[in-house]
Amino acid sequence: MGAVEQVFLECERARADGDLIQRVSASDKEYHFQNWVGERIEACGLAYDEPGRNTYPDFRLVNHPEGYEVKGLEFPGREADYDSNSQVPTGNHNGREVFYVFGRYPKAERGVDEYPVVDLVVCHGSFLNADTDYVHKNKSFRGFGSYGDILIRDRKMYVVPTPFALAAGTAGLATLIAPADYQVQSSELVQVGELNRVEIDEVLVSYEFNMQTNEMVTHKEPNPNAGIVHQFRAYRSRGAGDTKTVALKEPRS
DNA sequence: TGCCATTGTATGGACCTTCG
DNA sequence: CGAAGGTCCATACAATGGCA
């Protein structure tokens, strides 16, 4: 069985069994859910490189060319998109397949250090962005301000639609979204939908910011992959909401 | 004078808050 | 609500300064 399949099924088992997320500290907003996913990978017996703060994807498997990027979201809360600061989502990074693990959990309550996973989506990175060529780079320069000593960071903060916003039928359940050509091996996985994402006609290649008018202009070029359809399939764990179908929502413009 | 420990700066991750 | 603006701070990397 493919590693993602194992990880997904274990996540769903843990969610359904009510294995709780443990808050690390009062101010922790990034490790609690990551740790929960780490325990799942561990439960699968998969070896991984320890995630650091600036590693991408968070968990990199040692014996499979595969990695998992973890995103925790409060529920109810922000649903349409998530901040992907300085990291464009991709389905392939350094020769590794990248899967995103989105998990939603209840809003933090004072004095409550354990809480359940409401729902989750494991999706291939290419579902969020099909491109693998773009290389992200932040640049900065000094010289701004009356004294010329202020540094400006051109820090691109990518804001990406969440799979919950992209695909209807994902709320309250656990869903795996994989490329259509991905060979599912586990009989525990039931297909619950097909999702086709179509590439746009023009891609953004640059932008300029005028600091006097605060105008920003973007420049586009024809997309060599215009019209290409990227096909995905949604799966659920057998018996766990496998009659509820998943379909792409109307895209936002 | 080369090595290492310490300090400083840049980068990146992950939310939160406010306003229209 | 969602978009824009903001906060916090852990790390990576660079610079500095003792000291054998």
Side-chain angles (χ1 to χ4, degrees), chain A residues 21-38 41 48-60 67-90 93-94 96 98-110 112-115 117-123 125 128-129 134-145 147-168 170-171 204 207-218 249-253:
Chain A
I21 304 174
Q22 311 283 332
R23 185 172 299 286
V24 177
S25 70
S27 60
D28 169 52
K29 28 183 179 177
E30 60 179 301
Y31 294 119
H32 53 141
F33 183 59
Q34 199 181 92
N35 291 345
W36 186 88
V37 174
I41 299 172
Y48 59 85
D49 282 334
E50 208 56 46
R53 198 179 169 85
N54 295 353
T55 50
Y56 180 81
D58 296 318
F59 294 95
R60 286 138 295 129
Y68 307 102
E69 175 70 8
V70 178
K71 296 286 170 193
L73 303 166
E74 273 189 351
F75 182 82
R78 190 174 172 182
E79 167 147 2
D81 45 39
Y82 71 96
D83 292 334
S84 184
N85 300 342
S86 305
Q87 178 61 64
V88 189
T90 178
H93 187 259
N94 279 340
R96 258 196 188 87
V98 181
F99 286 91
Y100 277 72
V101 181
F102 287 86
R104 299 199 290 189
Y105 46 83
K107 250 187 164 45
E109 268 181 74
R110 231 167 52 83
V112 181
D113 295 332
E114 295 186 323
Y115 35 90
V117 176
V118 176
D119 51 15
L120 61 97
V121 169
V122 176
C123 73
L128 303 171
N129 181 35
Y134 173 72
V135 179
H136 159 84
K137 193 79 197 149
N138 283 333
K139 292 271 183 179
S140 63
F141 57 90
R142 202 175 281 280
F144 183 66
Y147 303 114
D149 57 356
I150 295 175
L151 176 102
I152 290 189
R153 292 168 58 188
D154 176 71
R155 178 190 183 190
K156 286 170 281 295
M157 299 174 75
Y158 309 99
V159 180
V160 187
T162 66
F164 300 106
L166 289 171
T170 47
L204 231 151
Y207 66 89
E208 292 162 37
F209 192 92
N210 184 318
M211 298 169 72
Q212 292 179 308
T213 62
N214 285 340
E215 294 278 324
M216 190 160 70
V217 277
T218 58
K249 290 187 191 175
E250 278 304 304
R252 264 196 311 190
S253 45

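For A:Tyr100 and A:Asp58, the side-chain atoms include no donor-acceptor pair closer than 3.5 Å.
To the nearest angstrom, P of B:dA10 lies 15 Å from CG of A:Asp154. Rounded to an integer number of Å, the gap from A:Asp81 CG to C:dC1 P is 13 Å. For the pair A:Arg104 CZ and B:dA14 C1', the interatomic distance rounds to 18 Å; values are reported in whole Å. Taking atom CZ of A:Phe209 as the reference point, atom C1' of C:dG5 lies 12 Å away to the nearest angstrom. Rounded to a whole Å, the OH atom of A:Tyr105 is 9 Å from the C1' atom of B:dA14. We find that CD of A:Gln34 is positioned 15 Å from P of C:dA10, with the value rounded to whole Å. One atom, NE2 of A:His32, and another, P of B:dG13, lie 16 Å apart when rounded to the nearest Å. The separation between A:Asp83 atom CG and B:dC16 atom P is 11 Å, rounded to whole Å.
Place A:Thr55 and A:Arg153 on DNA chain C by their nearest nucleotides, and A:Arg153 ends up nearer the 5' end. When each of A:Leu151 and A:Arg155 is assigned the nucleotide of DNA chain B with its nearest heavy atom, A:Leu151 is the one assigned upstream, toward the 5' end. Each of A:Met157 and A:Glu79 was matched to the nucleotide of DNA chain C holding its nearest heavy atom; the match closer to the 5' end belongs to A:Glu79.
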| query | So A:Lys139 and A:Asp154, salt bridge (charged side-chain N to carboxylate O under 4.0 Å, His left out) or not? Walk me through it. | reply | CA-CA 5 Å; A:Lys139 292 271 183 179; A:Asp154 176 71; over 6 Å; no
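For A:Ser86, the side-chain hydrogen bond (donor to acceptor under 3.5 Å, both in side chains) test picks out A:Asn138, with sequence neighbours left out. The side-chain contact (heavy atoms from CB on, under 4.5 Å) check on A:Val135 picks up nothing, with sequence neighbours excluded.
Judged by distance alone, with hydrogens and angles left aside, A:Asn85 brings a side-chain donor or acceptor within reach of the base of B:dA14, the pair sitting under 3.5 Å.
At the heavy-atom level, A:Asn138 lies under 4.0 Å from the strands shown only through sugar-phosphate atoms.
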